[in-house]
Amino acid sequence: MQTVSRLKLLREAVDDLRASGTIALVPTMGALHEGHLTLMREAKRHAAHVVASIFVNPTQFGPNEDLDAYPRQLAQDQAKLEAEGVALLWAPDVAAMYPDGFATSISVSGVSEGLCGASRPGHFDGVATVVCKLFNQVRPDVALFGEKDWQQLAVIRRMAADLDLTLPCVEKIIGVPTVREEDGLAMSSRNAYLSPGQRASAARLNQAMREAISRIEGGADVAATLGWLESELGAAGFAPVDYVTLADAASLRELSATPTAPARLLVAARMGKTRLIDNMHVDGRAA
Ligand code: PAF
């Protein structure tokens, strides 16, 4: 696997790869876990070559967020990607991604405004801008993202469609189901911040979400079920709970009644200093 950190070298390496087949891009911020490696494996099913990127993107972190603490472990990540057969790693530094004078930001309205957009102002502008740059830098045939960040995926799809990035640059944006620990906790690089006690309590997030989903799918009152879920999370030690929302799976519009189309239960809550997010499918019932 070749690692490059300059745009000129990336373009040359991508041109070489493209000469012998299609390219799948998997953007990441590193600290790779099984969830990321699943994305790499899935990427291989969609293209001849996999290009991964590792860039801890400062513009998607708020002033009081964990930019400095975010785990950086390039050598370990390189070994993992190599073992997965990734062809090329794009690992720019901040100056290579945002050279002096950089002044452009992409803001996707609507789908980026609620949920994490409400509690992390500016976050999705940072995500949309860096992902648009990554698409233009690598010009992949397909790009893969984890469904754990459901709203991020919706924002990226909206941005790609609105800016006509779908063809010829990114033909397909593929969402890959969340990979979970044995007790159901969604894998995340931020799980490493949890103390052993917090890690044990964090498992309740997914368990309580599954219980809430079976109640909603069984016809229980949506507001009462979301209220129950929020108090379960409080009892498990989550504080504050940023949001507990049932939303239409595609538009992310909030739902207050039993869904009649595929929906998503989405939660963000803090365990100690660690902000965890999760989301799961909810079946819609015939109206
Ligand atoms: O999901 C992530 O790791 C990041 O938000 C992404 C998509 C790599 C953009 O920085």
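Note that ligands are numbered from 1 as they come in the structure, with each ligand's atoms numbered from 1 the same way.
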For Q60, take its heavy atoms, then give the atoms of ligand 1 lying under 4.0 Å from any of them.
4 (C), 5 (O), 9 (C), 10 (O)
Do you know the tightest heavy-atom contact between T178 and A186?
CG2-CB, 3.6 Å
Distance filter under 4.0 Å to V130 heavy atoms, resulting ligand 1 atoms:
9 (C), 10 (O)
Selection residues 13-43 - residue pairs positive for ring pair (Phe, Tyr, Trp, His ring centres under 6.0 Å), sequence neighbours left out:
H33-H36
Just checking, is any N or O donor in the side chain of Y98 or T59 under 3.5 Å from an acceptor N or O on the other one?
yes
Does a side chain donor of either S112 or Q151 reach within less than 3.5 Å of an acceptor in the other side chain?
no
Using a 4.0 Å cutoff against the non-hydrogen atoms of P27, which atoms of ligand 1 qualify?
8 (C)
So, is N57 polar-close to ligand 1, with some N/O to N/O distance under 3.5 Å?
no
Under the 4.5 Å side-chain heavy-atom rule for ILVMFWY, direct or indirect, which residues accompany M187?
V179
Numbered atoms and elements of ligand 1 in range of Q152, under 4.0 angstrom, heavy atoms:
1 (O), 2 (C), 4 (C), 5 (O), 7 (C)
Compute the shortest N/O to N/O distance between T28 and ligand 1 and return yes if it is under 3.5 Å, no if not.
no
